[in-house]
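A short worksheet on the structure shown next.
Per chain, numbering begins at 1; letters A, B, ... match sequence-line order.
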There are 2 protein chains.
Amino acid sequence: MRSKPTLVEVAALAGVSKMTASRALRGAADVSEKNVEKVLRASEEIGYVTNHLATSLSSRTTNLIGVIVPSLSNVVFAEVLAGISDSIHESGKQPVFGVSNYDSEVEKGIIRDMLSWRPSGIIVTGLEQTDQSKKLLEGAGIPVAQIMDVDGDLIDINVGLSHIDAGRDMARALIDRGRSKFAYIGSALDKDIRARKRMKGFKEELRNAGLELISTRTDADFSSLALGRQMTAEMLASGCEIDCIYYSNDDLAAGGLFAAMAAGLEVPKQLLIAGFNGLEFLEGLPVRLATTRSPRRKIGSEVTRVLLEAMERSLTPDERRLIFRPEIDLGDAAA
Amino acid sequence: MRSKPTLVEVAALAGVSKMTASRALRGAADVSEKNVEKVLRASEEIGYVTNHLATSLSSRTTNLIGVIVPSLSNVVFAEVLAGISDSIHESGKQPVFGVSNYDSEVEKGIIRDMLSWRPSGIIVTGLEQTDQSKKLLEGAGIPVAQIMDVDGDLIDINVGLSHIDAGRDMARALIDRGRSKFAYIGSALDKDIRARKRMKGFKEELRNAGLELISTRTDADFSSLALGRQMTAEMLASGCEIDCIYYSNDDLAAGGLFAAMAAGLEVPKQLLIAGFNGLEFLEGLPVRLATTRSPRRKIGSEVTRVLLEAMERSLTPDERRLIFRPEIDLGDAAA
DNA sequence: TCTGGTATCGATACCGGTATCGGTACCAGA
DNA sequence: TCTGGTACCGATACCGGTATCGATACCAGA
């Protein structure tokens, strides 16, 4: 297993200097057609593959964009990544993903690792990094984007939505639909800062309307259909009188739907169920639940655009922050 | 924005040579306690972050492991990645993810990109790469693992399950449960090679039992609850007489459940619904569907183990291939 | 014929680390 | 006192590319 061929070998085979070979392969100027031809053929022949380590070290720039999300099993982030991948493609940049598992210490480690590869930009999830992480990011000398959430101070670039507002807006919409006896069900709230913010906004808006949550149920586990179902079943069994439940996300809400169905409740008539995210799988459920459509893909593509822009020129504060106002879909409750 | 501090600056501040600084930071031998101390402090003070580009170029090895999957929105792959991340962690290696979108040309591009970073190992999904991709992988001089599928020729290392057998086994199990009037519903079969293999095995086993698929329905779109629901509704409306539907995966199957419920069919009594993967969300559904539990996480952790092993020493053919036999869960139909 | 401009190349010096190997200093044992 | 071993350190040569700048060849125009 001899080591991979280098540029010098390509050059030798093509009968030119490595500088000319380098230029030819990059499609740079100052190389004759004839030589470009020869170099390309030589490269092909010996199966040359650029060594990006050397390229990047030498040129002092990489085509890497670091992206850190808290989880992959959550479709939401998978879609954000898809949005990033798609719109990053033509720029010649390459995204590198890291997963923090909602752990800010892990996140710090990943940030360090990523920066050690000298990416030309980095995207992290949320506004809440540890002070150490923030210092690392600020000291990196590259554009830094924080996504998903805009409720707080940004480091450099910020693209997302206000989860506090999202909670508020949903509360307002539900009240407007005539609901008044509210409950809340959420999970993993200690890790999911944005879910907490939604809950906060939701409660605030209720309070503004002179209302209170009649029942609240939370669990430390991550959200799942089964958990939503179980928690809802328990809440319903407890006999509290409610006509609407706001969930920390769609997974729990869908589980809630099944619990309601099992309890013989008509959804949304007797019990309005509201989630968050607007995940695609809601379309397939027996009942169209209420939800907030978070612009996940859009966040991915837009943050990429802004980040690439920031690598070219200095942005104005306005350009650095993009706030989306997500759309509320009441589903069958809208009728 | 001056550029990041280098090792030389750390060394200067610590009052030693850069070689000593290098050793100190790596925890290598041949440095006095006193100097380790000084270097660490200096490094901390000026916020030094290793330049992995230089490290890797110089040492001619990286801590990178490339991982290419067809999709992230599919939880299955997200879980495989999670398995890989988890078990790779203590090795000091770092996974780098790429997404091919089920497109082998895209995959080839990603393979090239990844190899250009000189990873010390690479993991790709499935056994079907283009010849060009295979040549690239073989010529890379690093351990190459193909995962998920074992029905075919391997390049180097192979960890997964036989989807043909999975289809066969499910057919056998369903027949044993007394079903005889089978239908099949699948989607994106042109892209999802493994789903095709399952279908193939399924049909083979039916044939062995003297049975045939009574109805088959496929769609080019990717699987979703809604699609499964729609296709199933159409099939049921067509009036064909069936007592069991095998789906290309759990998403479609769950959608099928809702269609069956809407049609007033009792599941699994009147209509047995079988999917594939054993996704977690099945637990939350009103009915426990039949499924095959694919060992996704296990595949991720095991392939990592074998790959790391292969980087240490030469493996025997037996060690290079790991075949899992997935467990069938008939859900409520088991009772 | 001479000058200046354009196209094309290649020698050389890095990029920021690590591998290697040859010192020094110091101490134990002969 | 001399020898050999150990602990520690740094000079130097790379790793595989790219940036830079000067050289060469050739042609048009003066």
Side-chain angles (χ1 to χ4, degrees), chain A residues 2-40 42-43 46-64 92 113 115-120 140-141, chain B residues 2-40 42-43 46-64 92 113 115-120 140-141:
Chain A
R2 83 206 175 301
S3 69
K4 309 213 55 153
T6 70
L7 187 59
V8 194
E9 295 164 49
V10 174
L13 183 57
V16 299
S17 75
K18 68 171 183 168
M19 226 16 256
T20 299
S22 168
R23 286 195 266 250
L25 289 174
R26 280 178 293 154
D30 286 353
V31 196
S32 65
E33 282 293 343
K34 184 174 53 84
N35 277 339
V36 170
E37 178 74 13
K38 283 201 289 186
V39 169
L40 255 35
S43 156
I46 64 179
Y48 173 72
V49 178
T50 301
N51 186 331
H52 254 114
L53 297 169
T55 302
S56 300
L57 178 60
S58 170
S59 65
R60 255 164 304 184
T61 76
T62 65
N63 64 345
L64 266 28
D113 281 346
L115 292 183
S116 74
W117 289 102
R118 301 293 189 266
S120 46
Chain B
R2 84 204 174 305
S3 68
K4 307 212 55 151
T6 70
L7 187 58
V8 194
E9 295 163 48
V10 174
L13 183 56
V16 298
S17 74
K18 68 171 182 168
M19 223 22 254
T20 298
S22 169
R23 286 195 266 252
L25 289 175
R26 280 177 294 153
D30 287 352
V31 195
S32 65
E33 281 295 341
K34 184 175 52 83
N35 276 339
V36 170
E37 178 73 15
K38 281 200 292 188
V39 170
L40 255 36
S43 155
I46 64 180
Y48 173 73
V49 177
T50 300
N51 186 331
H52 255 115
L53 297 169
T55 302
S56 299
L57 179 60
S58 170
S59 64
R60 253 164 305 186
T61 77
T62 64
N63 65 344
L64 264 29
D113 281 347
L115 292 183
S116 74
W117 290 102
R118 302 292 189 266
S120 47

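- Taking 4.0 angstrom as the limit, Ser59(A) places none of its side-chain polar atoms (N or O) nearer than this to OP1 or OP2 of dA19(D).
- When rounded to the nearest whole Å, the span between CG of Asn63(B) and P of dG17(C) equals 15 Å.
- Contact check for Leu53(A) versus Leu57(A): no side-chain heavy atoms found under the 4.5 Å cut-off.
- Taking atom CG on Asn51(B) and atom P on dC14(C), their separation rounds to 18 Å, with Å as the unit.
- Proximity note for Leu57(B) (side chain, C-beta onward) versus dG16(D), dG17(C), dT8(C): the nearest is dG16(D).
- Close to dG17(C), at under 4.0 Å from its OP1 or OP2, lies a side-chain N or O of Tyr48(B).
- The nearest pair of heavy atoms linking Val36(B) to Ala24(B) is CA-CB, 4.1 Å.
- Two end axes, each from the C1' atoms of five base pairs, can be drawn for the helix from dT1(C)-dA30(D) to dA30(C)-dT1(D); they diverge by 60°, to 10 degrees.
- Heavy atoms only, all atoms of each residue included: Ala42(A) and Val10(A) are closest at CB-O, 3.7 Å.
- Annotation: side chain of Ser22(B) is in contact with side chain of Leu7(B) (closest heavy-atom distance under 4.5 Å).
- For Asn35(A) and dC9(C), the shortest distance from a side-chain N or O to OP1 or OP2 is below 4.0 Å.
- Heavy-atom minimum distance, Trp117(B) versus Ser56(A): CH2-OG, 3.4 Å.
- Scanning both residues, Ala21(A) and Ala11(A), for their nearest heavy atoms gives CB-CB, 3.8 Å.
- Between Thr20(B) and Val31(B), the shortest heavy-atom contact is CG2-CG1, 3.8 Å.
- Residue pairs meeting the salt bridge (Lys or Arg N to Asp or Glu O under 4.0 Å) criterion with at least one partner in residues 6-34 of chain A, sequence neighbours excluded, are absent.
- The CZ-P distance, from Arg118(A) to dC15(C), rounds to 14 Å in whole Å.
- In terms of heavy-atom proximity, Gly92(B) sits nearest to Asn63(B) at O-ND2, 3.4 Å.
- What separates CZ of Arg26(A) from P of dG16(D) is a distance of 17 Å, to the nearest Å.
- Separating the CD atom of Glu33(A) from the C1' atom of dA7(C) is a distance of 13 Å, rounded to the nearest angstrom.
- When the side-chain nitrogen and oxygen atoms of Arg60(A) are compared with OP1 and OP2 of dT18(D), none of them lie within a distance under 4.0 Å.
- Of all the residues in residues 10-23 of chain B, Val16(B), Ser17(B), Met19(B), Thr20(B), Arg23(B) reach under 4.0 Å from DNA chain D with at least one non-hydrogen atom.
- In this structure, His52(B) places its NE2 atom 20 Å from P of dC15(D), rounding to the nearest Å.
- Remark: P of dG16(D) and CD of Glu9(A) are 9 Å apart, rounded to the nearest angstrom.
- For Thr55(A) and dG17(D), a side-chain-to-base donor-acceptor distance below 3.5 Å is absent, hydrogens and geometry of angles not being considered.
- Rounded to whole Å, atom C1' of dA19(D) lies 13 Å from atom CG of Asp30(A).
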